Amino acid sequence: MTALTQAHCEACRADAPKVSEQELADLIRQIPDWQVENRDGILQLEKVFAFKNFAQALAFTDAVGALAEAEGHHPALLTEWGKVTVTWWTHKIRGLHRNDFIMAARTDELAKGAKERA
Ligand SMILES: C[C@H](O)[C@H](O)[C@H]1CNC2=NC(N)=NC(=O)C2=N1
């Protein structure tokens, strides 16, 4: 299986299966800093990224947005002075798909790059 950071999203269909409990347990271990949130029965992956100021937070937001557009899979983004909250889930299936874990891992890669450029 391709490492999450090297993987790409598959086109997600409304009848795609959510990750099983076992898959969730295996996948969350690969992105240990992310929290699994349950919002109205919808499982989501969430992480807060810290930055020196708003400009860096905004630049990271733009980078995540570009990744989302490239992969056709989009997060919720809350951009504030010095921090960005990123939330991934698959709207079509109202839950978590492997795509969400791929995008969380690739979001971490972008954050590393953002901090190095700081
Ligand atoms: C038509 C478009 O490709 C779909 O609506 C995509 C867009 N981006 C998406 N992003 C996420 N997170 N979940 C989806 O179900 C989804 N569907």
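In this chain, numbering begins with 1 at the start of the sequence shown. This structure is a prediction, so every number in the text was calculated from the model and none was measured. Atoms within a ligand are numbered from 1 in the order they appear, just like the ligands themselves.
With sequence neighbours excluded, no residue forms a ring-ring contact (aromatic ring centres under 6.0 Å, His included) with His8. In this structure Ala16 satisfies the side-chain contact (heavy atoms from CB on, under 4.5 Å) test together with Cys12, Ile93, His97, sequence neighbours excluded. Take Glu23 and apply the salt bridge (Lys or Arg N to Asp or Glu O under 4.0 Å) test, not counting sequence neighbours, and it matches no residue.
Sorted by chain then number, the residues whose non-hydrogen atoms approach ligand 1 to under 4.0 Å are Gly72, His73, His74, Trp89, Thr90, His91, Lys92.
The main-chain N or O of Glu10 is found under 3.5 Å from a side-chain atom of Asn99 such that the two form a donor-acceptor pair.
A side-chain donor from one of Trp88 and Thr107 sits under 3.5 Å from a side-chain acceptor of the other.
Taking 4.0 Å as the cut-off between side-chain N and carboxylate O, Asp15 and Lys92 do not count as a salt-bridged pair.
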